[in-house]
A.B. asks: 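To start, I am sharing the structure in question, which I have written as structure tokens.
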Amino acid sequence: MRGVARLVGFHLPLGAFLLFLLFPFYWMLVTALKPNRDLYNLSLNPLWTWSPTLDHLHRLLWDTHFLLWTRNTLGISLGATALSLATGLLAAYAIGRLRFRGSGLLGIAIFLTYLVPPVILFVPLSRIVSALGLWDRPAALVLTYPTFLVPFCVWLLLGYFRTIPQELEDCARVDGASRFQVMRYVTFPLALPGILSCLIFAFTLSWNEYLYALVFLSSTDQKTVPVGLATELVTGDVFQWGPLMAGALLGSVPVALVYSLFVEHYVAALTGALKE
Amino acid sequence: MEAGLPHAARGRAARLGALVESREVLGWALVTPALALLLVFLAYPFLLGLWLSLTDSRIADPGRFVGLENFRYLVGDAVFRLAVFNTLLYAGVAVALKFVLGFALALLVNRQFWGKRFVRAAMLLPWIVPTSLSALVFYWIYDSQFSVLTWALRALGLVSRPINYLGDPDLARASLIAANVWRGVPFFAIGLLAGLQTVPRELYEAAQMDGAGRWAQFRFVTWPLVLPVSVVVTVFSTIMTVGDFQLIWIVTKGGPANATHLFGTLAYQRAIQGGFLGEGAAVAVFVLPVLVACVALAYRTLRRED
């Protein structure tokens, strides 16, 4: 009896949730591997294929700019992440640790900037980007992604710095360490889990970004994976569902990989940011 | 070693050292790079957006100040009014569904069971993968001819003809809401789960001793304790849902007949595609009241909790 109750009250709903949340990934995979004669044949069961093929993958990699887009996205994501983490780390240390005049206000201001969604900014930003001569150049994204990455990093790191006892820094200071040495040898190493969380989050957010990449980059060979797939492979009414799903699959792999390696850090970053 | 330095240089080094040791100077020096980035690419465009919304500027033309002309025009524009309705419907329904489903999932995963680590990692996947790419999958799932959804409904004997998910205004809205819910449920679930895990087990035991049933335990123990994190998650999600762009743009481009335009897609269409920067900026400005209302509401709720 208890078993039945547990089945109805727990396993069935959990199973339904997992089906709902994971089915699109399965559908992506099956479509990517299914030959065209099966893909557009309504009399077959669409959930399976007996003749999997790598044709779609082959077409994606050699007949489209997918590899170039991947390289672009990787470069932009690494650049934006490095810039955001470097500036965010220093700012978070200053605001959380040095407590100079105005630091509290600055912390609140940076938190508020985190709430400004990109849809409010992309129209005026397009004008700034072109005025700076960055139109259709990767630098446009490396410089604009920090607008949502820096506030996130600062906010998350402030929480981490708060967990490191001030006494540790004071001891090092008494022993004659300069402020830079304290940062370099005491505080930053202790905040390493937080730094790693920022790194992962910033990288995946940059990799996934769509709006700015769509607006600021226009030529085919400059595009990122999210924009390239959605604009260059969706061509009129002739849908290339096979290559498109292969691209969606491959484009998700880097973030899924980073995520699976650091699940705990990722969850910590997400929940840590929420609890502040 | 220092003795070898010229006197003036040594003096400069000492002064520099003293400056670095000062909280004020070092503090401002360390925040400057981040602050510069945010001022140039966030604060300035924010203000520029407000200014542009008061001008008739085009892509290559700075334009003139026209006061509230853009807003006056938009209020009378049927497409914009439809976009306001769409945004409220989309955000209202999607956030409510995400909250309810996310809470249910969080309660399920908060138990102890075999495979919990796997489930917790797997359930976040929709949130992790690029939304533009999962939007493409939904585009394919909602295909008018080869939809797997239609196939399943047919196999169950529920429908007999193909369904044109994205061709009918109401169906298109429902389809997009479903895709948005799919992506957002994990965020709610993981946030609320973090909240649930902070509830001390003793409180439930105490409530049980006082004779509280499962509902009473939820109502008087769980709910009040996860309320703060609920508010934060909901506010975040509301802002992001109101400001959604990529899912809509990839799946329907605001169609059919403008039935799924949100502020973001309409602003993109008018400003970037149409070249009317002023008008597009004015559309985007309408996200602002939602933002302010959300933050104010969250602030008040959390304040009362403290």
Side-chain angles (χ1 to χ4, degrees), chain A residues 10 13-14 17-18 21-22 24-25 27-28 31 40 46 87-88 90-91 93-95 98 100-101 103 106 113 115-117 119-121 123-128 143-144 146-147 150 154 179 204 207-208 210-211 215 226 229-230 241 244-245 248 251-252 255-256 259 263 267 270-271 274-275, chain B residues 20-21 23-24 26-28 30-31 33-34 37-38 41-42 45-46 48-49 52 105 108 119 121-123 125-126 128-134 136-137 140-141 146 148 151 182 185-186 190-191 194 229 232-233 239-240 243 245-246 250 263-264 267 271-272 277 280-281 284 287-288 291 295:
Chain A
F10 177 70
L14 191 66
F17 266 118
L18 287 180
L21 295 175
L22 299 181
F25 297 107
W27 189 229
M28 208 191 266
T31 308
Y40 305 111
T87 55
L90 297 182
Y93 181 82
I95 293 170
L98 296 177
F100 54 95
R101 218 172 305 138
S103 62
L106 212 55
T113 62
L115 294 173
V116 179
V119 281
I120 296 187
L121 300 175
V123 174
L125 262 180
S126 71
R127 172 154 282 184
I128 295 168
L143 287 170
T144 49
T147 56
V150 167
V154 169
R179 284 202 189 272
T204 54
W207 187 277
N208 298 357
Y210 178 78
L211 179 58
V215 177
L229 277 177
W241 289 118
L244 207 50
M245 289 303 106
S252 307
V255 281
Y259 166 67
V263 181
V267 173
L270 195 61
T271 53
L274 288 175
K275 269 187 277 189
Chain B
V20 162
E21 290 302 305
R23 278 163 187 272
E24 301 294 320
L26 183 64
W28 282 102
L30 292 182
V31 294
L37 270 173
L38 292 178
F41 293 104
L42 197 136
F46 184 82
L48 183 62
L52 282 175
L105 184 56
L108 286 170
V119 168
M123 78 183 196
L125 273 177
I128 307 299
V129 299
T131 307
S132 59
L133 304 185
S134 56
L136 288 171
V137 183
W140 172 219
I141 288 178
F146 302 103
V148 65
W151 175 84
W182 175 82
V185 160
I190 213 77
V229 74
V232 175
V233 172
I239 294 171
M240 294 306 154
F245 172 83
Q246 45 181 336
I250 287 170
F263 292 136
I272 309 295
L277 280 193
V287 177
L288 214 54
L291 186 79
V295 173

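We name chains A, B, ... by the order of the sequence lines, and we start the count at 1 in each one.
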A.B. asks: Looking at B:W28, B:F46, B:W182, which has the largest count of heavy-atom pairs under 4.5 Å with chain A?
C.D. replies: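 Going by pairs under 4.5 Å, I would pick B:W182.
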
A.B. asks: Measure the acute angle between the ring planes of B:W140 and A:W27, then classify it against the limits of 30° and 60° as parallel, tilted or perpendicular.
C.D. replies: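 Plane angle under 30°, so parallel.
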
A.B. asks: How many angstroms lie between atom CG of B:L42 and atom OG1 of A:T144, to the nearest 0.5 angstrom?
C.D. replies: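 OG1 of A:T144 is found 10.5 Å from CG of B:L42.
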
A.B. asks: Quick one: what part of B:I141 sits under 4.5 Å from any heavy atom of chain A, side chain, backbone, both or neither?
C.D. replies: both

A.B. asks: Heavy-atom pairs under 4.5 Å with chain A: which of B:P33, B:S134, B:G280 has the most?
C.D. replies: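 That would be B:P33.
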
A.B. asks: I'd like to verify something: which residue of A:I128, A:V119, A:L21 has the highest number of heavy-atom pairs under 4.5 Å with chain B?
C.D. replies: A:L21

A.B. asks: Given side-chain contact (heavy atoms from CB on, under 4.5 Å), test A:Y210 with B:T131 step by step and report yes or no.
C.D. replies: CA-CA 8 Å; A:Y210 178 78; B:T131 307; over 6 Å; no

A.B. asks: Could you give the distance from CG (A:L115) to CD1 (B:I239), rounded to the nearest 0.5 Å?
C.D. replies: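 The distance works out to 4.5 Å.
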
A.B. asks: For chain B, find which of A:S103, A:P117, A:P46, A:S126 contributes the most heavy-atom pairs closer than 4.5 angstrom.
C.D. replies: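 Going by pairs under 4.5 Å, I would pick A:P46.
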
A.B. asks: A:T204, A:I120, A:V150: which one forms the most heavy-atom pairs within less than 4.5 Å of chain B?
C.D. replies: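 Answer, by heavy-atom pair count under 4.5 Å with chain B: A:I120.
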
A.B. asks: Check whether B:W151 gets within reach of chain A through its side chain, its backbone, both or neither, counting any heavy atom under 4.5 Å.
C.D. replies: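 Contact with chain A is through the side chain of B:W151 alone.
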
A.B. asks: Between A:M245 and B:L136, what is the shortest heavy-atom contact and its length?
C.D. replies: CE-O, 3.6 Å

A.B. asks: Nearest 0.5 Å, please: how far is CH2 in A:W207 from CG in B:L133?
C.D. replies: 9.5 Å

A.B. asks: Kindly indicate, with the supporting measurements, whether the criterion side-chain contact (heavy atoms from CB on, under 4.5 Å) is fulfilled by B:L37 and A:T147.
C.D. replies: CA-CA 7 Å; B:L37 270 173; A:T147 56; over 6 Å; no

A.B. asks: Which heavy atom in B:L48 sits nearest to a heavy atom in A:P124, and how many Å separate them?
C.D. replies: CD2-O, 3.7 Å

A.B. asks: Can you tell which part of B:L291 gets under 4.5 Å to a heavy atom of chain A, answering side chain, backbone, both or neither?
C.D. replies: side chain

A.B. asks: I need the residue from B:A284, B:P45, B:A281 with the largest number of non-hydrogen atom pairs under 4.5 Å to chain A.
C.D. replies: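 Greatest number of close heavy-atom pairs with chain A: B:P45.
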
A.B. asks: Give, as side chain, backbone, both or neither, the part of B:L52 having an atom under 4.5 angstrom from any heavy atom of chain A.
C.D. replies: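 Just its side chain gets close to chain A.
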
A.B. asks: Would you say B:R23's side chain and A:F100's backbone share a donor-acceptor pair under 3.5 angstrom?
C.D. replies: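 No; judged by distance alone, with no hydrogens or angles, the pair does not exist.
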
A.B. asks: At a heavy-atom distance under 4.5 Å, which candidate from B:G49, B:P186, B:A121 has the highest pair count against chain A?
C.D. replies: B:A121

A.B. asks: Heavy-atom distance under 4.5 Å to chain B: side chain of A:F10, backbone, both or neither?
C.D. replies: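 A:F10 touches chain B through backbone and side-chain heavy atoms alike.
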
A.B. asks: Can you say whether A:L125 sits under 4.5 Å from chain B via the side chain, the backbone, both, or neither, judging by heavy atoms?
C.D. replies: both

A.B. asks: What part of B:L38 gets closer than 4.5 Å to chain A, counting heavy atoms only: side chain, backbone, both or neither?
C.D. replies: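 Answer is side chain: those atoms of B:L38 sit under 4.5 Å from chain A.
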
A.B. asks: Which atom names give the shortest non-hydrogen contact between A:N208 and B:I128, and what distance separates them?
C.D. replies: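 Result for this residue pair: ND2-O, 2.9 Å.
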
A.B. asks: Using only atom types and a distance under 3.5 Å, with no angle test, would you say the side chain of B:Q246 pairs donor to acceptor with the backbone of A:L211?
C.D. replies: no

A.B. asks: Most heavy-atom pairs under 4.5 angstrom with chain A, which of B:G264, B:G27, B:A267, B:G243?
C.D. replies: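 Looking at each of B:G264, B:G27, B:A267, B:G243 in turn, B:G27 comes out on top.
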
A.B. asks: Pick one of side chain, backbone, both or neither for B:A271, based on which atoms fall under 4.5 Å of a heavy atom in chain A.
C.D. replies: side chain

A.B. asks: How close do B:V31 and A:A94 get, heavy atom to heavy atom, and via which atoms?
C.D. replies: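 Looks like CG1-CB, 3.7 Å.
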
